[in-house]
Participant: 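The structure under discussion is supplied below as structure tokens; questions concerning it will follow.
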There are 2 protein chains.
Amino acid sequence: MVEQRPDRLTPSHAPPWIRPAVLLTVDLVILTIRAAELHVLLVERGVDPFQGQLALPGGFLDHDGEDIVAAAHRELRQEAGLDASRLHLEQLGTYGAPDRDPRGRVVSVAYLAIAPGLPEPVAGDDAAEAVWTPVEHVLSGRSVLAFDHGLILTDGLERARAKLEHTALATAFCADTFTISELQAVYEAVWSVRLDQRNFYRKVQAVPGFIVPAPSGSRPTAGRPARLFRAGPRTVLHPPLVRPDGAHPLIELGEQ
Amino acid sequence: MVEQRPDRLTPSHAPPWIRPAVLLTVDLVILTIRAAELHVLLVERGVDPFQGQLALPGGFLDHDGEDIVAAAHRELRQEAGLDASRLHLEQLGTYGAPDRDPRGRVVSVAYLAIAPGLPEPVAGDDAAEAVWTPVEHVLSGRSVLAFDHGLILTDGLERARAKLEHTALATAFCADTFTISELQAVYEAVWSVRLDQRNFYRKVQAVPGFIVPAPSGSRPTAGRPARLFRAGPRTVLHPPLVRPDGAHPLIELGEQ
DNA sequence: CGAATAGTGTCTATAAGACATTATACT
DNA sequence: AGTATAATGTCTTATAGACACTATTCG
């Protein structure tokens, strides 16, 4: 347990009768499917700690009374050019190892966001530097993330993988209406497996309230047009869509 | 989004080039089984905000460099008289609504701890005021908790309920060695259901590495002595022990 | 008509749930 | 002997996984 003596950022200058305080940041694991592959939105850091390296989008709380989820919304808009009200957003966890930020004591609350595949990457926005990166690039070590963001991404990934089984999270990867094939592609990308089309159709439609037929017709495609669905009222899946062996973690995450 | 102007606790006195900082607390949801019923450890608050009301054990970070998990360990010892190294402890989530603490901006990182049923309640320790309370008392509204601790407890409960399905968490409620009946009692208490004894035996023993026979013999009991087991090497359960209908949440928790 | 994608049915194997009796130790 | 708890087997039903062909639209 190292007693930090940071030089600039921490408010250790506060009077002694004030309890030790920390700086709070919000970091975002934003996942989407692009070209049938799971991608995460990363930014290239422009300033000093880890300058030039890839990192999760995020930043400090704006003012003393800013709600943490509100800060996540704000960063989503500012750094990713995404509208938080149309995304799935959930808290992932808090990362507060004393030495995780070389500037001093910075505690980060991480959020997991799921975005539908967007027509074009975020560009022209404030989020000039944001780039969709295949998750596989990070997992394989081809891209190394700043701070403990590699760990945060791993945790976010496993969270998403697990929630696909028991919740309707997969629909958050899809546009407002979607086909069953598109939904299957989500499961296949996130779990990195191939699923049997017939069994998938059967199981998905056996879960009451998971997806409901969309009144409108079809969409332009080469081949037989698919029926469209939208997310149903149920967020908890009964029965669950269980991952095949091989898409499971070997140890339980989230300890300590 | 209310701009807070707290009087004493927040470090808004810090110079302007310092970013807004928050005070961090750690709160603990400590669960155990007592008399076949799920209990949570609560403390009666001795100081001003919510004085005299029940609350989760917890407290502020000790010094500027204290690790958050270390603070959870410390509070576990100080407020509950429990040895953190022998417990299951995992992060539950972070609660940071700007108005959750009337003293000002206080963000709390909540932890979920699972303790084996202890021979006697914690007493004589530093934790004079700690009292095991049936979770049902809180859920039914007979006990109302300070701050947003009711919400935190609800989240902790659902976390525990869910993890019983897919992980070996139930063994954390048991002593080092335990019988299958004791393990079943854990599931029944946490899920608030009755399970069939024969099916439970079959399913528990069908999960490789979940529980392994303890070499030692039996224990004093009225009736046929039971075989003893201890937790096996697997923390992830394949196949899972699924909750019966009725022990499931209707909506998914953990949103935002 | 060919290419491309959507949609469907059956069989088999495994798991889940309902159910009652025997076994062992203690008093 | 009686009491209290532990341990076990079978049948039925439901779910999971493997497997290949027909349907519809577009160019």
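Per chain, numbering begins at 1; letters A, B, ... match sequence-line order.
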Participant: Could you walk me through whether Val190(A) and Phe173(A) pass the side chain to side chain contact (heavy atoms under 4.5 Å, CB included) test, one step at a time?
Facilitator: CA-CA 10 Å; Val190(A) 177; Phe173(A) 283 98; 3.9 Å; yes
Participant: Quick check: does any side chain N or O of Glu75(B) sit under 3.5 Å from a backbone N or O of Pro57(B), one acting as donor and the other as acceptor?
Facilitator: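 Side chain of Glu75(B) to backbone of Pro57(B), a donor-acceptor pair under 3.5 Å: no, none is there.
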Participant: With a 4.0 Å heavy-atom cut-off, tell me which residues in residues 195-208 of chain B come close to DNA chain C, sorted by residue number.
Facilitator: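 The answer is Asp196(B), Arg198(B), Asn199(B), Arg202(B), Lys203(B).
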Participant: Looking at Thr167(A) and Tyr187(A), what are the two nearest heavy atoms and their distance?
Facilitator: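 Of all heavy-atom pairs spanning Thr167(A) and Tyr187(A), the closest is O-OH, 4.2 Å.
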Participant: Identify each donor-acceptor pair in which a side-chain atom of residues 135-142 of chain A lies under 3.5 Å from a protein atom, sequence neighbours left out, and give them as a table.
Facilitator:
from: His137(A); atom 1: NE2; to: Arg142(A); atom 2: NH1; distance (Å): 3.3
from: His137(A); atom 1: NE2; to: Arg142(A); atom 2: NH2; distance (Å): 3.4
from: Ser140(A); atom 1: OG; to: Glu136(A); atom 2: O; distance (Å): 2.9
from: Ser140(A); atom 1: OG; to: His137(A); atom 2: O; distance (Å): 3.3

Participant: Using the rule given for side-chain hydrogen bond (donor to acceptor under 3.5 Å, both in side chains), can you reason through Asp27(B) versus Tyr95(B), listing the C-alpha separation, both sets of side-chain angles and the distance that settles it, and then say yes or no?
Facilitator: CA-CA 10 Å; Asp27(B) 286 316; Tyr95(B) 297 79; over 6 Å; no
Participant: Taking Asn199(B)'s backbone N and O only, do any of them form a donor-acceptor pair with Asp196(B)'s side chain (distance below 3.5 Å, no angle check)?
Facilitator: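 Between the backbone of Asn199(B) and the side chain of Asp196(B) there is a qualifying donor-acceptor contact (under 3.5 Å).
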Participant: Reading DNA chain C from 5' to 3', where do the contacts with chain A start and stop? Cut-off is 4.0 Å to heavy atoms.
Facilitator: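 Extent of the interface on DNA chain C: dA4(C) to dG9(C).
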Participant: Taking all non-hydrogen atoms of both residues, which atom of Leu31(A) and which atom of Trp132(A) are closest, and how far apart?
Facilitator: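 That closest heavy-atom pairing would be C-CZ3, 4.4 Å.
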Participant: Looking at Val186(A), Thr32(A), Leu87(A), which one forms a side chain to side chain contact (heavy atoms under 4.5 Å, CB included) with Pro116(A)?
Facilitator: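 Only one option passes, and that is Leu87(A).
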Participant: Restricting to nitrogen or oxygen on both sides, can you table the protein-nucleotides 1-5 of chain D pairs closer than 3.5 Å?
Facilitator:
from: dT5(D); atom 1: O4'; to: Ala222(B); atom 2: O; distance (Å): 3.4
from: dT5(D); atom 1: O2; to: Arg224(B); atom 2: N; distance (Å): 3.2

Participant: May I ask you to test the His166(A)-Pro249(B) pair for a side-chain heavy-atom distance under 4.5 Å?
Facilitator: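 No. Closest side-chain heavy atoms not under 4.5 Å.
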Participant: What is the minimum heavy-atom distance between Leu183(A) and Cys174(A), and which atoms define it?
Facilitator: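 Scanning both residues completely, I find the closest heavy atoms to be CD1-SG, 4.1 Å.
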Participant: Report all side-chain donor-acceptor pairs from residues 230-237 of chain B shorter than 3.5 Å, counting only partners two or more places apart or in another chain.
Facilitator:
from: Arg230(B); atom 1: NH1; to: Asp176(B); atom 2: OD2; distance (Å): 2.9
from: Thr235(B); atom 1: OG1; to: Glu252(A); atom 2: N; distance (Å): 3.3

Participant: Ignoring hydrogens, what is the shortest heavy-atom contact between Val193(B) and Ala247(B)? Give both atom names and the distance.
Facilitator: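 Looking at all heavy atoms of both residues, the closest pair is CG1-CB, 4.0 Å.
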Participant: Enumerate the residues from residues 229-249 of chain B whose closest heavy atom to DNA chain C is under 4.0 Å, giving them by residue number; use none for an empty result.
Facilitator: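 Listed by number, there are none.
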